[in-house]
Structures are given as structure tokens and as C-alpha cells.
There are 2 protein chains.
Amino acid sequence: MKVTISDVAKLAGVSTATVSHTINHTRYVSEETRDRVMHAIAELGYTPDASARSFRTGKKRTIGFIVPDISNKFFATLVETLEEYLAQRDYHLVIANTKENMDREETNIRLLSAGLVDGLLVASTMEEFDRFDQLIPAAFPVVLVDRVFPVKKYGSVSVSNFQPIYRSVCRLAGKGDRRVGFIGGPERLSTTQERLSAYRQAVADCGLADEELLVQYGDFKDNSTLRCLDALLQQQCDGLIVANGLMATEIIMYLQQKGIQIGNGIDLVSFIDYNSSFNEVYANAMDSIVQPVDELGRAAGEQILRRIEEPESPVVEQVLSSTYHPHTMPISWNHSDR
Amino acid sequence: MKVTISDVAKLAGVSTATVSHTINHTRYVSEETRDRVMHAIAELGYTPDASARSFRTGKKRTIGFIVPDISNKFFATLVETLEEYLAQRDYHLVIANTKENMDREETNIRLLSAGLVDGLLVASTMEEFDRFDQLIPAAFPVVLVDRVFPVKKYGSVSVSNFQPIYRSVCRLAGKGDRRVGFIGGPERLSTTQERLSAYRQAVADCGLADEELLVQYGDFKDNSTLRCLDALLQQQCDGLIVANGLMATEIIMYLQQKGIQIGNGIDLVSFIDYNSSFNEVYANAMDSIVQPVDELGRAAGEQILRRIEEPESPVVEQVLSSTYHPHTMPISWNHSDR
DNA sequence: CTGAAAGCGCTTACAG
DNA sequence: CTGAAAGCGCTTACAG
């Protein structure tokens, strides 16, 4: 049957304490004893039981990540960098997909925080802080990722897109556009809110058309992206801010399909998911905003491990910045920039 | 401190056995006793410790998934459907990303099978079966996903693309193409092999140009996709089979960039990732092959749970089929199909 | 330099 | 209808 530490101890003629210590290098063991133990381990093909170990120590070396949509490239990449960061430090990653559904988020937070993971990373789809807050057991390590709450109780790592969006709108204005439309994700998300407020401020500052119908929210479902686009085209937009990487691909395809030329028929500023081939191909036709997903993943990993290993360390609210890539400009207005 | 089952038992004035049984509905408990227990639980805010429970029962209710590349839409979607299937059955999903690296796969299989999960789903990047086989502890539940080995020791769920590819090549031939190029993923993968053999067989049967240079392998790194495409364009291909969803987007973008029109300058047959907007937009210009990712995820979940819950059940090798979507044809050759 | 033994928080025969 | 108690496989003070 299963080989346990006692079997090893017996075969090596030592105590289980000694076996444990030689495996974990946790106290001095004479060379001779160590050899005997190692041989016994090899002979029996012993592997310490991770389950027993984590039960005993209370440490699972596992982090949970509550994601709104794994198949969204942004989150998929986040999962990837996070997994890499954690694996290097001998931590595992459990993921739970909420599909932007609050009830699923609730269930998952409950399940994972009940002794399954040492800490939780959450990109919450919740609207009210209180509902979220109630789910978290006292002193349980939690770090918010990408999406934050107004109340700053938990540590967080997020991305600010204010400056890039503000600037991109100004540039469209400088180029002569008067009606700039905005397409964002679900209105309730902090990310959407911040992006929208940057847009609004720039629109006001630059004296652009400021109409309710120039702002459209997608919900990632059905063909909401196409609906948003059509609504804005009907508004005779000459510029478009696509404030969401998931929708970017679709918008570009639809524009193409409709025979509207990017950078000519309409000016486009769009979030672009890291590593996307769009990046290179459309670099000359549109402005892009790229979020630092890799840094986001690393920072999130770093913060959650710190909360776990040093519970008393201060709660930090970390904000990274996206980078703005104006497209390669025609010589004629090369000067207007910077 | 932590509230345990004993605290609840004490407060309710019953034994821990009774508390355990009322929680798990595992033997009859009188209504009165049950009430007392439930109240005690509520009063103390007790949550059973998942770690202790799984240690005791030996069941973790967790499945591990070894993925070659999470940020690849195909696998991301697979993870998504899998997570959903498992969550419905109260199982969790741990993922490990190997980045197509055999050493990372080895490490991850070792770690996860050492008591962290009840079973393992693997989309292996390994070439030799033996190396893989050695890593799996005796009788440990394993199901291969998407990629299989010639030796049929483990259960598997994979997708056959033979028929769709064969047929698509024939249709290109029927349309008059003579030089059809093939772009696939890494040569060592079983999926690439199968796709290639369908291509080769069709090329031979239809009497198309059969040249080594018409077959190109990408490795998902650097700009290998562009290199493949350029190599094939240099071969004067009039048709192109892109046998990998990841490369499809790039190929389309590059062709567009080069000003080569799909369906006119070159005929394209391409794998398309499920849910991609390409699907709709290019439906009229190219043939597409869509893999049943959702079914794949469900079938994988089903099989691994069966292996865990009924270890003696027969090892099955499940093969799903992709669907072939010929593009909407010009009337002129509406007859040649079927 | 090493061992005997308690104990982490549950579940589950066994007994009544 | 319920309880007393063993035990899952480790780690870790405590003791020598």
C-alpha cells in the first residue's frame, strides 16, 4: 500500500523525526544517518504526502485566483504570469472562473477560503464592497487584482489607464476629430469607470462633442460589441476609443467587414492585449494602449505571498500604468506631438 | 482562534461524531439534536477545515490540469469548460503551465501527483511515452487530453481532424489549386502528426504538388508563423492549410498586411478557435475547421472523475471530431460539393 | 546528534 | 438514536 514516513523510519532504523528532518533539512543529521534514510527512501519509493503535510503545518502552498473570464486573453495571460511566478516559489495555483457572475464569485470565495488555499487573489465582479467583504474570513490573506473597490481595506494591484486615455482623446482632438465615441466594458467595474472618467475629462477639456449616446457599454455577451459599434457609427463618430482589449479584435474585424478604413474613415484608439499580433499589424493605422499584464501578474503574486508570509506587513495599494503607443504618424503632423 | 468541530460539539452538548454526521448527512440525527448542532455552528461561525477533511478521507476533490500554454485560446477555453464541469460536481481545478517544456511538465506532474490532486489531466508536450509513463505513480488516475501517445495505457480524449483536413484539401484541388501548403504546430505533437498525414494523403490522392517545402512547422515562438507563411508564399502556393488555431489569426493579419486577398490571391483553410470573431467575419472568404473544445472539456472532466470514482472501470480512448465549415460558395460551383 | 510522543481536525468503524 | 476513541501521515517542541 501507501509508503509512509514510518516505513522509511523502520527500514532506516531511525525515528520518524529524523526522517522528517533529513527530508526538510530542518536540523542537523549525521552523514551516515542521512545516507541510510536516503537509501530507505529510494528503496521504498517514498514521496511525502502533501496532504498530510499541509494539514499538519496549516500551509497549503496554494493560492486561489478568482477570475471573471479565463478565456479572455487579458486574464489568461494574467493566469500565465501568475502561475509562473508562484511555481518558481513552490506555490500552486487554483483557479475559479466566475463568468462575471456574482453568485459564482460568492460560492468560489467561500469554498476556496475554507482551508483550500493560503490566500486569495480576486478580480471581483461585485458591485458593492460589503457583499464582498462579508465573504472573507477574518485575517484571511486577500489581494484584489485589476479591479478594486472604493474602500481600501484589502491590498490591491491594478492598472491605471487614465493618462493614456486622456492623452489619446486629446490627440484625436488635435487631429481634428469632433465626435469621439467610447466603448467600454460593464459599467459597474472600477476599470470601466476609470477609463470613462478619463475620456469624459478629456472630452470636456478639449471641447469635443459631449453626448450621452457617444458612450456605449458592452457586456461581453452575445454580439454586444457589434451593437455598440453600430450605435456609435450612427452617431457619426470620427474617432473611437475602444477601452477594452476583448472588444478590440471584434471592432477591427467589423470595421473591416463594413469597409470602413481605420485611420481614414475613422480614427481608432484601442486597448490591445499583450502579445497579440494586432499589435504589429495595426501599429501604423491606430493608436494602442497596452496594459502591463506581466507586471500585474508578478506584482499580484508578490503581494499575496507577502500577506501570507508577513501578515503584519502594511496593506498596499499598487497602481501600474498602461503604455500609450501613438501610431507612426504621417510626416505632416509629426510636430504636433510632444 | 480557529473554530473546530470540537468547539461545536461542546457548545451543542454532543459528540464530534454527531456534528460530523449532521454536517455530512451521513447518518440519521434527530431533529432536536440537529437543531442544536446547527445553532452552535451558526453561533461560532464554524466552517469545516477542507485540509483536515481531505487528509482524513484521502480525497482532495481537486483535479490537476497540465497545460502546454494557458494563454492559447484553445487551452484557455478548455480550462474554462473543464472548470465549469468540475465546479458543478464540487471539484476544484489546479493548473500548471508547461510552456511546451518537458522539464516543466515533469516537475509539475511530480508535484501534483504527490497528494495534491485526486487525478491528473495532461496535454503532454513529451515526445516519448516512457518518460511520461515513469512519472505517474502506480494506479494514479490520469487522462490524456488533446494529445495522445501511440501506447494506449491511459485514458484519453482527443480530437480527430483527419476527415476535415482531408476533405478541405480535396476541395481546394476541386477548385483548381495545385500547390497547397501546410502550416502546422510542432512536429513532435500527435495532433500535428495526424493533421499532416491527412494532408499528405489528400495531396497524394488528388494528385497535387507533393513537395517537402510545402510543409512548414511553427513552434509558437518569435515570429515563426511569419517565417512559415513567407516560406510558403515563396513556393507559389495557391492554397494554404493552417492546421493550428493559434497561428490562424496571425496568418490572416499578415496576408492582409501583404495585400494578398483571401479567397482570391490565395485560398485559405484554417483552424479557428471557438468563439473567435474571425468565425463570422471571414466565413465567406475561407473554409474553417472548428474543434469541439466544449465537448473536449466535458469529456475530459467526465473521464477523470470516472477514473477516480470507479478505478476499475475500463480505460477508454475517446476521439471527437472537428467540424468542417466550407465557406459560402459562389453559385458557379455549388454542385461540386457533396 | 537523535528519539518518544503529542497533536493538527476531521471521519468512521464499533458499541450500546 | 448517539458517543468514545482510533487513526489518517506528517511536524515539532521537549528531552537527553
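Because the structure is predicted, anything quoted here is derived from the model rather than measured. Numbers restart at 1 for each chain; the letters A, B, ... are given by sequence-line order, proteins then strands.
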DNA chain C: His21(B) or Phe55(B), which has the more 5' nearest nucleotide?
->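 Nearest-nucleotide comparison on DNA chain C picks Phe55(B).
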
Interatomic distance where [atom1] belongs to [X] and [atom2] belongs to [N] [whole Å]:
X: Asp7(A); N: dG9(D); atom1: CG; atom2: C1'; result: 10 Å
X: Lys10(A); N: dG9(D); atom1: NZ; atom2: C1'; result: 13 Å
X: Lys60(B); N: dG9(C); atom1: NZ; atom2: P; result: 19 Å
X: Ile5(B); N: dT12(C); atom1: CD1; atom2: C1'; result: 12 Å
X: Arg36(B); N: dC1(D); atom1: CZ; atom2: C1'; result: 12 Å

Please determine, for the side chain of [X], which listed nucleotide ([options]) has the closest atom?
X: Ser30(A); options: dT2(C), dC8(C), dG3(D); value: dT2(C)
X: Thr16(A); options: dG3(D), dT11(D), dT2(D); value: dT11(D)
X: Thr57(A); options: dT2(D), dT11(C), dT11(D); value: dT11(D)
X: Tyr46(A); options: dC10(D), dT11(D), dG9(C); value: dC10(D)

Would you indicate, yes or no, if [N] has its OP1 or OP2 atom less than 4.0 angstrom from a side-chain nitrogen or oxygen of [X]?
X: Arg53(A); N: dT11(D); result: yes
X: Ser15(B); N: dG3(D); result: yes
X: Arg27(A); N: dT2(C); result: no
X: Ser20(B); N: dT12(C); result: no

Using heavy atoms to find the nearest nucleotide of DNA chain D for Ala52(B) and Tyr28(B) separately, return the residue whose nucleotide is more 5′.
-> Tyr28(B)

Look at the side chain of [X] and the backbone N and O of [Y], then say whether any donor-acceptor pair between them is shorter than 3.5 Å.
X: Asp35(B); Y: Glu32(B); answer: no
X: Asp69(B); Y: Lys99(B); answer: no
X: Arg36(A); Y: Ala12(A); answer: yes

Assign Ser51(B) to base, sugar-phosphate, or nothing according to its heavy-atom contacts below 4.0 angstrom with the strands shown.
->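 Ser51(B): no heavy atom of the nucleic acid under 4.0 Å.
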
Please find out if less than 6.0 Å separates the ring center of Tyr85(B) from that of Tyr91(B).
-> no

Identify the nucleotide, in any strand shown, that forms a Watson-Crick or G-U wobble pair with dG3(C), with both distances under 3.5 Å; if there is none, say none.
-> dC14(D)

Heavy atoms, side chains only, cut-off 4.5 Å: are Val117(B) and Ile63(B) in contact?
-> no

